[in-house]
Amino acid sequence: MSTAPRHVLVVGASIAGLTAAETLRREGYDGLLTLIGDEPHLPYDRPPLSKQILTGAWEPSRAALRSSDEYDRLGIDVLTARRATALDPGRRTVELDDGERIAYDGLVIATGVRPRRLPTGHGLDGVHVLRTLDDTLRLRDHLLRRPRITVVGAGFTGTEVAAGVRTLGLDTTLICPGPAPLAGRLGPVIGHLVGRLHADHGVRLRTGVGVTSLTGSDGHVTGLELTDGSHVDADAVVVAIGSTPATDWLRGSGLDVTDGVVCDAYCRAAPGIYAAGDVARWHDPRLGTPMRREHRTNAAEQAIAAARNLLGAREPYAPLPYFWTDQYGDRIQAYGICSPGTEPRIVHGSPAEGSFVALYGEDGHVTGALGWNSARQLRTYARQLIQEPVAAAR
Amino acid sequence: MRITLDQDRCCGAGTCVLTAPDVFDQDDDGIAVLLDAQPPAHLAAAVRDAAARCPAAAIRMEAE
Ligand SMILES: Cc1cc2nc3c(=O)[nH]c(=O)nc-3n(C[C@H](O)[C@H](O)[C@H](O)COP(=O)(O)OP(=O)(O)OC[C@H]3O[C@@H](n4cnc5c(N)ncnc54)[C@H](O)[C@@H]3O)c2cc1C
Ligand code: SF4
C-alpha cells in the first residue's frame with residue numbers, strides 16, 4: 001500500500017517540470033513541492049528562442065512562463081542554478097552540485113536534452129549552439145556584428161535559425177546532410193518545399209554534405225571544411241545537429257537511461273519516479289513501442305500525465321503528437337505521425353498557393369496530417385485523428 | 001474566473017479549441033479567439049486544462 005507523497009521533487013525547471021509541478025497542485029497535492037533547475041532563470045518557454053527572441057521581436061523577458069509571485073502563490077519552491085548530480089532511488093534522495101542531499105517521496109525527472117556538438121571546434125569564438133536563453137542572447141549579441149553565418153544541421157532548430165538570421169538580412173548558409181531540410185522528419189516532398197522556401201529567401205542551401213572540421217584563426221572561427229572537399233567562409237557558426245537526453249546525472253542510479261529515461265505507459269521509471277518531456281522514453285500505447293518526443297506539446301501533456309499518475313491516477317499516456325514550426329512568415333503544423341518514409345497526399349490547397357494540407361499514411365489509413373499555412377483546415381483532420389487512434393498504423 | 005488570451009503568442013495549435021470549444025475558437029489564420037472571457041464555473045476545469053496544454057503559454061486565468 002502506498003501512501004500519498006509529502007515531498008515531491010521535480011528535477012528540470014522548464015516546460016515539463018513546471019507543468020508537472022502546477023498539475024500536482026491543480027490535482028490537490030498540498031505537500032512540499034520543490035522544482036530544481038540548473039539554469040540561472042525561472043522557467044521560460046523555449047520555442048520563442050529561435051523565433052521572436054533571436055530576431056529581437058520580443059524582449060527576452062517575454063519568454064518567461066510565470067512571474068515569480070505565481071510560484072509563491074502555488075507554494076512551489078524553485079531552486080535555480082542548482083544541478084542534480086546523483087539519484088539514489090533506494091534511499092530516495094537526490095544530490096545537488098553543492099553536495100546537498102534532498103529527500104523525496106515522489107520524483108519527476110524533466111531534465112530535457114542537451115544539444116549535440118561537433119567532435120571539435122566548439123572552443124572557437126563564434127561557434128554557437130541554441131538550446132537555452134543564454135545561448136540565444138549570446139548568438140543575438142554576435143548577430144549585431146552582422147557576421148556571415150553558417151547553420152549546420154537542417155532540422156527544426158537549424159531551419160528556424162537560418163530563417164531568423166536571414167530575416168535580419170545576414171549572409172546565411174544552411175548545411176543539410178540529407179537531401180532536403182526537414183526531410184528526415186517530414187519526408188523529401190515537404191523537405192523540398194522547405195528547401196525552396198529558404199532558397200527563395202536567399203539562403204545558400206548546401207544539401208547532401210556534412211562538416212569535416214571547423215577552421216579558425218586567433219581563436220575565432222573562420223569557416224568550415226565540408227565532406228565534399230569544399231570550404232565555406234563564416235564568421236559565425238550555429239551547430240544544430242540534434243540533441244541527447246540529459247541523463248548523465250542518473251548514471252549509477254540503476255535507472256535504464258538508454259536514449260532517455262525509460263518508462264512504462266504511465267511515464268513511471270521506478271516506484272515513485274516519473275519522467276516527462278524531451279528526456280522521457282515511455283511506452284506509447286498507441287504505437288505499441290517505446291517513444292521519445294522532442295516537442296513542446298508533448299512536454300506539457302506528458303508532464304500532466306506523469307503528475308497525475310504520481311498521485312495515483314493510473315492513466316496510460318497516449319497522446320496525439322503535435323508540433324509546429326515557423327519559417328519566415330510561413331507556419332507548418334502537424335498532428336499525428338508524419339513518417340518521412342511515406343509519401344504525403346495533398347487534400348486541400350496546393351504548394352503553389354503557399355497553403356495546403358497533406359495527409360500521411362499507409363494502406364489508406366491516415367496516421368498524420370500536416371498543414372502549411374492552413375491551421376483552420378488542419379483542425380478538421382486533427383479531430384479525425386483523435387477519433388481514429390494511430391494504433392493500427394503499426 | 002477571467003481568461004486572457006495573448007494572441008501574439010498563439011501558435012495556432014488549436015489545442016484550446018479541441019479542449020474547450022465553448023470558450024475558444026480560431027480565426028482563419030488559426031489564431032485563437034476568446035468566445036467567452038468569463039465562462040461559467042462548470043467550464044473551469046476544461047479551461048484550466050486548455051491553459052496547461054496550450055503550447056504557446058498564451059492562455060492565462062485569473063480567479064475572481
Ligand atoms: C530553439 C528551440 C526551438 C523550439 N521550437 C519548437 C517549436 O517550434 N515547436 C515545438 O513543438 N517544439 C519546439 N522546441 C522543442 C521544445 O522546446 C521542447 O520539446 C521542450 O522545451 C521540452 O521541454 P522539457 O521541459 O522536457 O525540457 P527542456 O526544455 O530541455 O528543459 C530541461 C531543463 O532541465 C535542466 N536540467 C538538465 N539537467 C539538469 C540537472 N541535472 N539538474 C537540474 N536541471 C537540469 C535544463 O537546463 C533545462 O532547463 C524547440 C526547442 C528549442 C531549443
Ligand atoms: S492552444 Fe494556445 S497556441 Fe493553440 S490555438 Fe489555443 S491559444 Fe493558440
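For the pair Val33(B) and Phe24(B), the minimum side-chain heavy-atom distance is 4.5 Å or more. Here the side chains of Val347(A) and Tyr381(A) are in contact, with some heavy-atom distance below 4.5 Å. Using a 4.5 Å heavy-atom threshold, the side chains of Glu294(A) and Ser243(A) count as touching. No side-chain heavy atom of Leu18(A) sits less than 4.5 Å from a side-chain heavy atom of Tyr44(A).
Contact residues of residues 42-50 of chain B toward chain A are Arg48(B), Asp49(B) (heavy-atom distance under 4.5 Å). Residues of residues 52-60 of chain B lying under 4.5 angstrom from chain A, judged on non-hydrogen atoms, are Ala52(B), Arg53(B), Cys54(B), Pro55(B), Ala56(B), Ala57(B), Arg60(B) by number.
Of the two parts of Phe323(A), neither the backbone nor the side chain holds a non-hydrogen atom closer than 4.5 Å to a non-hydrogen atom of chain B. Ile304(A) touches chain B through its side chain: at least one heavy atom from C-beta onward sits under 4.5 Å away, while N, CA, C and O do not. Contact of Glu22(A) with chain B is not made at all, since no heavy-atom distance falls under 4.5 Å. Heavy-atom distances place no part of Ala57(A) under 4.5 Å from chain B, backbone and side chain included. With a threshold of 4.5 angstrom between heavy atoms, Ala63(A) approaches chain B through N, CA, C or O but not through any side-chain atom. For chain A, the nearby part of Asp27(B) is the backbone; its heavy atoms alone come within less than 4.5 Å.
Ion pair Lys51(A)/Asp326(A) not flagged as a salt bridge, since none of the NZ, NE, NH1 or NH2 atoms sits closer than 4.0 Å to an Asp/Glu carboxylate oxygen. Taking the charged nitrogens against the carboxylate oxygens, Asp45(A) and Arg62(A) have no contact shorter than 4.0 Å, which rules out a salt bridge.
Side chain of Gln327(A) to backbone of Val194(A): no donor-acceptor contact under 3.5 angstrom is found.
For Asp278(A), the side-chain hydrogen bond (donor to acceptor under 3.5 Å, both in side chains) partners at least two apart in sequence or on another chain are Arg131(A). Judged as a side-chain hydrogen bond (donor to acceptor under 3.5 Å, both in side chains), and not counting sequence neighbours, the contacts of Ser374(A) are Ser355(A).
Residues Thr325(A) and Glu160(A) bring a donor and an acceptor atom of their side chains to less than 3.5 Å of each other. Counted by atom type alone, Ser68(A) and Glu70(A) present zero donor-acceptor pairs between their side chains at under 3.5 Å.
Under the 30°/60° scheme for interplanar angles, the aromatic rings of His295(A) and Phe156(A) are found to stand perpendicular.
Residues Tyr274(A) and Tyr266(A) place their aromatic rings such that the two centres sit no closer than 6.0 Å.
For the set Gly14(B), Gly30(B), Gly12(B), the count of heavy-atom pairs under 4.5 angstrom toward chain A peaks at Gly12(B).
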